[in-house]
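What you are looking at is a predicted structure, and each value in this text was computed from that prediction instead of being measured. Values below: every heavy atom of this structure, side chains too, minus hydrogens, waters and symmetry copies. Naming: A, B, ... by sequence-line order, numbering from 1 per chain.
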Amino acid sequence: MRFALKAGGGDGARCGVMNFGAALAPVDTPCLLLSTRRGLPSFVSTDLLPELHPDARVLHVNPVHFLEGPPVSTIHEIGGGHKLLNLQGNALVSLARDSIVSEPDGEGNTKLGAAFNTSSGRRVIGPAKYMELVNALKPNVWASIADELPTWVSQRRNKLSVDRTLQWLDKCLGLQSVGENTSFGTIVGGASIEERKRSASETAKRNVSGFFIGGFGLGESPEDRLTLLQSVTDCLPKDLPRIISGLGMPEEILQAVSTGVDIFDSTYPHTLTKGGYAMTFPLSMDEKPWKFSLEDGAELGADFTKINLRSIAYRCDVTPLKPGCTCYTCQKHTRAYINHLLNTHEMVAQTLLDMHNIHHYLSFFQAIRDAICGSYFEEFQHWFIGQRRYCESECFDVNVSLLTPEAANIL
Amino acid sequence: ARAAKLTLPHYECLTPMFMPVGTQGSIKGLTSGQLEELGCQIVLGNTYHLALRPGAELLDAVGGLHEFMNWQRGLLTDSGGFQMVSLLHLADITEEGVTFQSPVDGKQMLLTPEESIRIQNKIGADVIMALDDVVKTTITGPRVEEAMYRTLRWIDRCISAHSRPRDQNLFGIVQGGLDPHLRQGKKAKDICVKGMVERNLPGYAIGGLAGGEEKDSFWRVVAQCTAGLPDDKPRYVMGVGFPLDIVVCSALGADMYDCVYPTRTARFGTALVPEGVLKLKHASMATDTRPIDASCSCMVCKNYTRAYIHTLVTKEAMGSQLVSYHNVFYMMRLSNDLHTSILEGRFPE
């Protein structure tokens, strides 16, 4: 993997390109990693990925998900993660962070390894076991295993986690057989600026090709996060990429982009899909904002950023999830159909919603890249946060009747 | 055995043909686009369930089930008759119709022949089924005869109620149990077949089977019915099922089949293979690097190993999706093989 800066690159937001080798098309950053469980997206099979979005080809594959199988020898026999998962032509990024099932909670990590909750119970994984899995999967990029902790641990414990994480990084680097330019060092340090800086600068001294900024999304406030992130990226070489995990909301993404983070493992689309929501927030400053009162919003099952497809308001609504959206679901299906599928607990509801939500979020990242390369990122960020805020004076009356004239009698 | 072309308003089908079941307006885990890729020709919907959710009036308002689920090929709706068996503890059957207690909200619904056809007219499928009086195959005695005669009375009510004979084909269903003898040595099924044929319907189904009866009885009844049904109309054996049963019924002259088995068994981690079934949950699959079926050209068999799918089945929704994908493809391939082997004169092999 080789990384090159394209635009920005001062202390703030930057655009870059990741080259994973001749077999894969280059990837523009800032970019989103698709979440997976046991190697594949939760609801969208690989044959649907090309239709989902042209950028749907970089995935976060968590080695810890493979503790229960297939055995390492079998993965080697099959020929590595790309073949195992039918993801040849895609870039796989391996992080030991699972934001869906097993967030780090500070319990269970020992000097032997980090603790994870799996469907066969809590397992403690050290560098040796972790690298066994990483070496078998052969991802394009992998980050070292870390002693990730929430922000409320003691200072002493936090300091220990920085030392431990560095030791584990060195061990991982010594054990790796994935290949050159694949190793990323993991940075921790909790809510202490001092420890964050120490972790970042020490990690930067190692022979790594990039950095995984761990330990965020675990109890720090958004204001603290900005300061902490800035203190980390200030200590990192500009020409190497930075990945972060655990940030959900678009505002958090924008904040991290402004401090110089390039790659994002975010579970926001997944969370929305599980809840029956479809993203609808505008992606361009030209798009007219759709603001309505809280009462109307309750009737519509919506706020400015998403709609709740379980709401009865959509029972007869034959418009797409987001009018104008070019995703598979919006081209082929209606709100009414998704509403019905959710009501009847049909699995394909999640597939269709996920295809829309991932598409929408990938388009959001494209808008971010456009803004950075067009030198208007700060304006974009300011606009984006502003249009998501509720403001009484900006609301106008909405005709809550979303029913077609023929269907109006049905409810 | 016969190979045929069945021309419907939405699609031209080749038979013998298996029809996967999308009870509530979707085949579990697969998108409409994937179903097309898999070669599905007709998909089933269920009148009873669709009438409950999303409701017949809503489907009518949006232009029918084809529009609602965006499936542009063939659709067939069952009349709600099978629920008389599957939901028997919630049903009360009289001459007028069947009163169901909804498993969703406990409300009462009276399904008469007229009401079933009215709902099916609103759903808009290419083929609709008459409401028949269905009894469990293991039942014997006078109830069987009662059901058979009632089915004949109900078909006339269905025909009268049918408001769209130009774009929806009403199939009659032959009932009559597993061959009980009646007066003058006449068998129940024969009486029903004769009655149905007299009504000159677009197609005929053989019902009341596929409920756990002995195979010997099952095949004999199918043969008996196909012998009496006209050659130039399709024969649909409802609720079949296992690949072997489909091959045998095709040999006996049937053309159309439906069953939840391929998709349901997929969700339990069982894949259909030429040798029978492959239980992907089994421990021996954990290190098996072969595809599910080496002779299968579907996306799953070309790209995944048994070992990997073993880690997914019953644990991740993706496991259900992948095995369902293969199983549906397997049934489509079976249908296609039957059709072409008959055309090429090598069906016996």
Trainee: Assign the ring pair A:F66 / B:Y308 to parallel, tilted or perpendicular, where the plane angle (0 to 90°) is split at 30° and 60°.
Mentor: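 If you compare the ring of A:F66 with that of B:Y308, the planes turn out parallel.
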Trainee: Has the side chain of B:H310 got a donor or acceptor atom that lies under 3.5 Å from a matching backbone atom of A:P70?
Mentor: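 Flag not set: sc B:H310 to bb A:P70 has no pair under 3.5 Å.
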Trainee: Give the minimum heavy-atom separation between A:S42 and B:A317, together with the two atoms involved.
Mentor: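 For A:S42 and B:A317, the tightest heavy-atom pair comes out as O-CB, 4.1 Å.
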Trainee: Mind checking whether B:N303 and A:D47 have side chains closer than 4.5 Å, heavy atoms only?
Mentor: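 Answer no - side chains too far apart.
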Trainee: In terms of heavy-atom proximity below 4.5 Å to chain A, should B:S32 be classed as side chain, backbone, both, or neither?
Mentor: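 Both backbone and side chain.
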Trainee: Restricting to non-hydrogen atoms, name the atom on B:G25 and the atom on A:Y337 that form the minimum distance, rounded to 0.1 Å.
Mentor: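 Minimum heavy-atom separation between B:G25 and A:Y337: O-OH, 2.6 Å.
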Trainee: Which bit of A:S45 is near chain B, if near means a heavy-atom gap under 4.5 Å: side chain, backbone, both or neither?
Mentor: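 Both backbone and side chain.
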Trainee: Could you measure the distance from the OG1 atom of B:T289 to the NE2 atom of A:H76? Nearest 0.5 Å is fine.
Mentor: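 Answer rounded to 0.5 Å: 14.0 Å.
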Trainee: Can you tell me which portion of B:E316 sits under 4.5 Å from chain A's heavy atoms? Options are side chain, backbone, both or neither.
Mentor: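 The side chain, not the backbone.
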Trainee: With a 6.0 Å cut-off (strictly less than), is the heavy-atom count around CZ of A:R122, excluding the residue itself, greater than 12?
Mentor: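 Counting neighbours around CZ of A:R122, more than 12 heavy atoms of other residues, nucleotides or ligands fall under 6.0 Å, so yes.
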Trainee: Under a 4.5 Å heavy-atom cutoff, which of B:V62, B:V300, B:L30 has the most pairs with chain A?
Mentor: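 Looking at each option in turn, the highest pair count goes to B:L30.
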Trainee: Using heavy-atom distances under 4.5 Å, tell me whether B:M69 contacts chain A through its side chain, its backbone, both, or neither.
Mentor: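 Contact with chain A is through both the backbone and side chain of B:M69.
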Trainee: What part of A:L84 gets closer than 4.5 Å to chain B, counting heavy atoms only: side chain, backbone, both or neither?
Mentor: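 Contact with chain B is through both the backbone and side chain of A:L84.
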Trainee: With a 3.5 Å distance limit and no angle check, can you tell me whether B:R53 reaches the backbone of A:N343 through a side-chain donor-acceptor pair?
Mentor: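 Side chain of B:R53 to backbone of A:N343, a donor-acceptor pair under 3.5 Å: yes, one is there.
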Trainee: Distance check, rounded to the nearest 0.5 Å: A:Q331 atom CD versus B:N70 atom CG?
Mentor: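 One gets 11.0 Å once the value is rounded to the nearest 0.5 Å.
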Trainee: Identify which part of B:E67 has an atom lying under 4.5 Å from any heavy atom of chain A, answering side chain, backbone, both or neither.
Mentor: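 Looking at B:E67, nothing touches chain A.
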Trainee: Could you tell me which portion of B:R267 (side chain, backbone, both or neither) has an atom closer than 4.5 angstrom to a non-hydrogen atom of chain A?
Mentor: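 Side chain only.
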Trainee: Taking side chain as C-beta onward, heavy atoms only, is A:M347 less than 4.5 Å from B:Q321?
Mentor: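 A side-chain contact under 4.5 Å exists here.
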Trainee: Is A:R315 reaching over with its side chain to a backbone N or O of B:P54, donor-acceptor style, under 3.5 angstrom?
Mentor: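 Answer holds: yes.
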Trainee: Answer yes or no: is there a side-chain heavy-atom contact under 4.5 Å between B:T287 and A:E77?
Mentor: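 A side-chain contact under 4.5 Å is absent here.
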Trainee: Can you tell which part of B:T311 gets under 4.5 Å to a heavy atom of chain A, answering side chain, backbone, both or neither?
Mentor: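 Backbone plus side chain of B:T311, per the 4.5 Å heavy-atom cut-off to chain A.
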Trainee: With side-chain contact (heavy atoms from CB on, under 4.5 Å) as the test, would you mind laying out the steps for A:H333 and B:T31 before giving the verdict?
Mentor: CA-CA 10 Å; A:H333 293 293; B:T31 64; 5.7 Å; no
Trainee: Determine yes or no for a side-chain-to-main-chain donor-acceptor pair under 3.5 angstrom, with A:Y328 supplying the side chain and B:G33 the backbone.
Mentor: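 Yes, because the side chain of A:Y328 sits within donor-acceptor range (under 3.5 Å) of the backbone of B:G33.
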Trainee: Can you list everything that forms a side-chain hydrogen bond (donor to acceptor under 3.5 Å, both in side chains) with A:T46? Sequence neighbours excluded, please.
Mentor: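 A:T46 satisfies side-chain hydrogen bond (donor to acceptor under 3.5 Å, both in side chains) with A:N86, B:Y304 once adjacent residues are dropped.
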Trainee: One pair to check against side-chain contact (heavy atoms from CB on, under 4.5 Å): A:T344 and B:H49. What are the steps and the verdict?
Mentor: CA-CA 10 Å; A:T344 51; B:H49 289 291; over 6 Å; no
Trainee: Under 4.5 Å heavy-atom distance to chain A, tell me which part of B:K315 shows up: side chain, backbone, both or neither.
Mentor: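 Contact with chain A is through the side chain of B:K315 alone.
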Trainee: Under 4.5 Å from any heavy atom of chain B, what part of A:I75 do you find: side chain, backbone, both or neither?
Mentor: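 Contact with chain B involves no heavy atom of A:I75 at all.
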